[in-house]
There are 2 protein chains.
Amino acid sequence: MRSADLEEIRSLPLFRDMAPAHFAELTRGAYHQSFPPQVDLIVEGRPADFLHVITDGAVELFARWNGRETTMAVVRPVSTFILAACINDAPYLMSARTLVPSRVALIPGTDLRSVFARDPAFAQAIVRELAGSYRGVVRHAKNIKLRNSKERLAAFLIAECERNGRSRTFALPYEKRIIASYLGMTPENLSRALKQLREDGVTIDGATVDLADFDRLCAIALPGRLMDR
Amino acid sequence: MRSADLEEIRSLPLFRDMAPAHFAELTRGAYHQSFPPQVDLIVEGRPADFLHVITDGAVELFARWNGRETTMAVVRPVSTFILAACINDAPYLMSARTLVPSRVALIPGTDLRSVFARDPAFAQAIVRELAGSYRGVVRHAKNIKLRNSKERLAAFLIAECERNGRSRTFALPYEKRIIASYLGMTPENLSRALKQLREDGVTIDGATVDLADFDRLCAIALPGRLMDR
DNA sequence: GGGGGAGGTTGATTCAGGTCAAGTTTTGAA
DNA sequence: TTCAAAACTTGACCTGAATCAACCTCCCCC
């Protein structure tokens with residue numbers, strides 16, 4: 001693993017405070033690999049062998065059941081995913097695939113659990129990370145259960161706008177069909193919902209969004225820390 | 001706090017392995033209270049002052065937004081809830097209310113965080129608890145996003161049946177309107193869905209359920225560890 | 001600079017599930 | 001025991017969203 005990569009990973013909240021020897025131990029057995037788009041990194045149901053750290057690109061976390069499929073999250077650099085399954089040595093509940101060319105570091109779960117048992121600072125960081133992930137899924141579930149599709153879309157646009165420093169025009173971060181699946185609707189319906197939002201100042205040209213009336217969107221989505229972070 | 005109560009709490013996986021002195025420290029500042037039904041224990045958005053441990057009764061975790069409300073989980077003894085908010089010292093994302101007369105121990109968040117920083121065994125237990133909770137919400141979100149209401153109901157009945165030692169008749173654990181909200185549907189729709197399941201061997205009399213054809217239900221719900229635990 | 005294929009849009013239609021309104025049953029308190 | 005409120009059920013109806021099918025358009029590759 002390149003030392004620049006190591007530093008990047010080391011700087012993550014999850015690894016920042018652990019003992020240097022322990023970090024070395026974790027990364028000794030680790031791989032850092034590049035993947036083309038549409039590669040399955042994780043298949044749900046499999047034992048959780050590796051903690052994944054995405055350092056470049058974008059990874060979709062999704063779940064399948066009975067032929068249906070839904071996007072649970074999209075992970076972007078630099079962050080970790082499927083920590084919970086790994087730490088519990090339990091089967092993955094979600095699958096993961098690259099959306100674009102991506103680089104992912106793979107840290108063996110056995111090393112992770114072994115260091116976790118010995119390094120209190122690391123254990124604390126894991127707790128913080130898990131608590132954050134937990135709260136993320138709770139927000140997602142609330143979003144799906146409490147808002148209708150137009151409201152979810154408005155909230156999504158607001159969130160993306162803020163991720164882009166509140167600039168009123170920005171690019172959608174990934175394909176619309178993924179956004180649709182994440183928001184729990186069909187691509188067709190997303191298309192219609194976007195069109196419907198034109199009367200609220202939303203203009204779409206390809207992947208480019210322009211929000212002419214931020215406040216109006218807020219009136220629809222009523223965003224807040226308790227659901228949108 | 002009564003010593004019988006203390007022992008019960010102490011026997012939870014979360015507290016089982018921590019140093020006795022630390023456990024004492026946690027419970028010193030703790031309250032153990034009885035509440036009538038329909039009491040709000042937690043209001044979402046408030047700072048997370050106390051870790052809650054339910055020792056008797058049943059507590060509903062729910063979320064509100066814009067006048068709508070949805071049940072996120074029902075917690076039963078003996079277990080903890082809202083650990084994530086507490087450990088992160090962040091606002092609660094969910095509200096909680098008693099469904100029936102209940103006893104709840106309240107452990108101050110400051111004590112929790114302080115002991116957590118010093119007791120590695122406790123930190124490990126917290127990680128395990130959080131990872132479990134995380135996986136629980138992921139399952140809930142998958143359930144809502146991937147199954148339709150009939151399938152969710154079938155899965156719920158199967159789960160309840162198994163909670164009751166697979167006996168083919170059992171009582172619904174709480175009011176139908178709560179079940180409906182948990183499953184993301186209206187009470188009216190739950191009623192209709194139950195009636196619809198009669199042709200699959202499900203009989204309802206008040207709160208009493210009889211599952212004449214377990215396998216048939218399974219064919220509808222396709223239950224599995226990845227969504228139903 | 002064509003194809004060809006995936007992603008996206010649009011329209012027509014269907015359907016699951018929500019809403020509304022009117023019952024009935026259950027519950028719990030006086 | 002009675003009564004009132006809450007839970008639940010049922011039916012009629014409506015609507016948001018899925019489905020199906022056709023079409024467009026943007027890339028990417030030859």
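First the proteins, then the strands, lettered A, B, ... as listed; each starts at 1.
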In 5'-to-3' order, the base (B), backbone-only (S) or no-contact (-) status of each nucleotide in nucleotides 7-16 of chain D, using a 4.0 angstrom heavy-atom cut-off, is SSSBBB----
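Between the side chains of A:E129 and A:T80, at least one donor N or O sits under 3.5 Å from an acceptor N or O. Donor-acceptor pairing under 3.5 Å is recorded for the side chains of B:E60 and B:T71.
Side-chain N or O atoms of A:S34 include none that pairs as donor or acceptor with a backbone N or O of A:R103 at under 3.5 Å.
Environment of CG in B:D40: crowded, with over 12 heavy atoms of neighbouring residues, nucleotides or ligands closer than 6.0 Å. The number of heavy-atom neighbours closer than 6.0 Å to CZ of B:R68, taken from other residues, nucleotides and ligands shown, is above 12.
Using bins of under 30°, 30° to 60° and over 60° for the plane-to-plane angle, the ring pair A:Y92/A:H52 lands in the perpendicular bin.
Screening A:R152, A:R147, A:R163 against A:D228 for a salt bridge (Lys or Arg N to Asp or Glu O under 4.0 Å) leaves a single residue, A:R147.
Chain A approaches DNA chain C over the interval C:dG7 to C:dA12, counting the first and last nucleotide 5' to 3' with an atom under 4.0 Å from its heavy atoms.
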